[in-house]
Number of protein chains: 2
Amino acid sequence: MVPSPRSRSPRGQGDALRDEILDAAEALLVETQSEDAVSIRAVADRVGVTPPSIYRHFEDKPTLMFRVCDRQFDRLDVELRAHRDAESDQVAAVIACGRAYMRFGVAHPETYRIMFMGHRDDTPEQFRDETMAEHGAFAGLVDAVQAVADAGRLRPGIEVMQATLLLWACVHGLVSLRISKPDFPWPTLDEQIDTQCGVMCAALFTD
Amino acid sequence: MVPSPRSRSPRGQGDALRDEILDAAEALLVETQSEDAVSIRAVADRVGVTPPSIYRHFEDKPTLMFRVCDRQFDRLDVELRAHRDAESDQVAAVIACGRAYMRFGVAHPETYRIMFMGHRDDTPEQFRDETMAEHGAFAGLVDAVQAVADAGRLRPGIEVMQATLLLWACVHGLVSLRISKPDFPWPTLDEQIDTQCGVMCAALFTD
DNA sequence: TGTACATCAGTGAACGCGCGTTCACTGATGTAC
DNA sequence: TGTACATCAGTGAACGCGCGTTCACTGATGTAC
């Protein structure tokens, strides 16, 4: 291994390496588009550190991977929140969220795969419920649909949670199929998103 | 390894083992619900044969796994075809197919995962396009939607392929989310399927 | 009817692989007296 | 101002693991003459 120019962190700042590790792992994930390629050794190499150092900052590999993805999803959350705050029309806000979500998923396939397409048993306990129901993208979607309902624009006979789950299934379905089956003769992403948003809104919302 | 009671196949019938291997692999997959647990060694053990024997019948592990899943999906195809033939109402036929597809996916999570949630690079070449666009469940769905269109019951402005992709995204989304996030507070499967079918049909079909 | 031979289903032993992880350690830095 | 010490970020070497896969082989069975 080539000796790295990296110098050791001073006393109180051991956490500096933590962020470098997250950055390196994220970069590897983006470059290789393969969770397997992001081994503890590869991450350590890229940071310029030996593998055991990783364990000073993350308890094991799955946790590291989820922290990486979690950080990326936090950025999505910020974006979704911005969309909701920016739109005065509640239905338009839901559409904007849906669009942003689908674009994000297709643009970050391996991240999306880890967060939403993985095996339950490969998911560290701390990420099993939390990330999902309460926190993050899903909660935002519930809020956005609730706003539509509060404005009286949800189609009669459909409840907020039903509508939210249906929307989630649709956006997730589009994203995950495109990720798993890249060789399928898909239409343009824009075209598919437009169709899907149009039909879904017509089905769920009024006005 | 306990010596097995299995006796060697006579001359022309080497293919007998092939089916036994498929059966054993399928049984293991169903029991463990884990692709990783279905190792070449585990399959060989269960059949009562040594690992190298597997390679006389399947070129490698991914191919074996896909053959196993393919066989299960063939059964789904038969079921879907039966639904379509049994329903005189075209829309009812699409609904029946969608329901059967979702039930199948949720009932065979690991099979579904391998076929529709895997990495493109883990998919043997022979299964990359074929299983999808031309053959099997998707083609059946296209046919069913085409029948609705032929009956003049597709909502104006929506094309057959658009409607099919949307339906596919929805059913796949429901199935794959329930598989990946079993800890999520889902509604009953029946309830979720009913809502989804109701809303989708209202959105896409007329009468 | 008997013998030599080809076939081929299945074996036994081993290969290399890269992985996640653990362990006892080093050595620079700050702190107490 | 100097010395002993505690801290703690990061190291080096190795562990065990189970996997997919390969190779040269055995030995029962059918076939040709």
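Throughout, protein chains are lettered first and strands after them, A, B, ... in sequence-line order, and every chain is numbered starting at 1.
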Novice: Have a look at B:Ser53 and say if it touches a base, only the backbone sugar-phosphate, or nothing, with a 4.0 Å heavy-atom cut-off.
Specialist: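 If one applies the 4.0 Å heavy-atom cut-off, B:Ser53 turns out to touch a base.
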Novice: Does a side-chain N-to-carboxylate-O contact under 4.0 Å join B:Asp190 and B:Arg99?
Specialist: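 No, no charged N to carboxylate O under 4.0 Å.
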Novice: When the C1' atoms of the five terminal pairs at each end define the local axes, what inter-axis angle does the helix from C:dG2-D:dC33 to C:dC33-D:dG2 show, to 10 degrees?
Specialist: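 The value is 10°.
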Novice: Check the distance between C:dA9's C1' and B:Ile54's CD1 and give it to me in whole angstrom.
Specialist: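 From B:Ile54 CD1 to C:dA9 C1': 13 Å.
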Novice: Tell me whether the side-chain N/O atoms of B:His57 come closer than 4.0 Å to OP1 or OP2 in C:dA9.
Specialist: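 Answer is no, no contact under 4.0 Å.
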Novice: Quickly work out the B:Ile40 CD1 to D:dC19 P distance and round it to whole Å.
Specialist: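 Answer to the nearest Å: 10 Å.
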Novice: Please tell me which of the listed nucleotides, C:dT21, D:dT21, D:dG12, lies nearest to the side chain of A:Pro51?
Specialist: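 Comparing C:dT21, D:dT21, D:dG12 against the side chain of A:Pro51, the answer is C:dT21.
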Novice: Using the closest heavy atom to pick a nucleotide of DNA chain D for each, name whichever of B:Arg56 or B:Glu59 lands nearer the 5' end.
Specialist: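 This one resolves to B:Glu59.
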Novice: Would you indicate which nucleotide in C:dG10, D:dG12, D:dT21 comes nearest to any side-chain atom of A:Thr50?
Specialist: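 The answer is D:dG12, which lies nearest to the side chain.
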Novice: Does B:Glu26 come within less than 4.0 Å of B:Arg71, counting only side-chain N to carboxylate O?
Specialist: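 Answer for the salt bridge query: yes.
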Novice: Give me the atom names and distance for the closest heavy-atom approach of A:Met115 to A:Phe66.
Specialist: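 Between these two residues, the closest heavy atoms are SD-CD2, 4.0 Å.
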Novice: May I ask you to verify if any side-chain N or O of A:Ser39 is less than 4.0 angstrom from the OP1 or OP2 atom of C:dC19?
Specialist: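 Indeed, a polar side-chain atom of A:Ser39 lies that close.
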Novice: Write down the distance between NZ (A:Lys61) and C1' (C:dG20), rounded to a whole number of angstrom.
Specialist: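 A:Lys61 atom NZ is separated from C:dG20 atom C1' by 9 Å.
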Novice: Do NZ/NE/NH1/NH2 and the carboxylate oxygens of B:Arg81 and B:Glu87 come within less than 4.0 Å?
Specialist: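 Looking at B:Arg81 and B:Glu87, the cut-off is not met.
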Novice: Would the number of heavy atoms belonging to other residues, nucleotides or ligands and lying under 6.0 Å from CD of B:Glu31 be above 12?
Specialist: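 Correct, the count exceeds 12.
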Novice: With a non-hydrogen cut-off below 4.0 angstrom, is B:Asp36 in contact with a base, only sugar-phosphate, or nothing?
Specialist: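 No contact.
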Novice: Output the single nucleotide from C:dT11, D:dT11, C:dT21 whose closest atom is nearest the side chain of A:Val49.
Specialist: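 Ranking C:dT11, D:dT11, C:dT21 by closest atom to the A:Val49 side chain puts D:dT11 first.
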Novice: Is it true that B:Glu79 and B:Arg84 make a salt bridge, defined as a side-chain N closer than 4.0 Å to a carboxylate O?
Specialist: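 Salt bridge between B:Glu79 and B:Arg84, a charged N being under 4.0 Å from a carboxylate O: no.
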Novice: Does B:Arg41 contact D:dG20 through a side-chain donor or acceptor facing the base, at a distance under 3.5 Å?
Specialist: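 Side chain to base: pair present.
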Novice: Can you see which heavy atom on B:Leu76 is nearest to which on B:Ala100, and at what distance?
Specialist: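 Taking every non-hydrogen atom into account, CD1-O, 4.1 Å.
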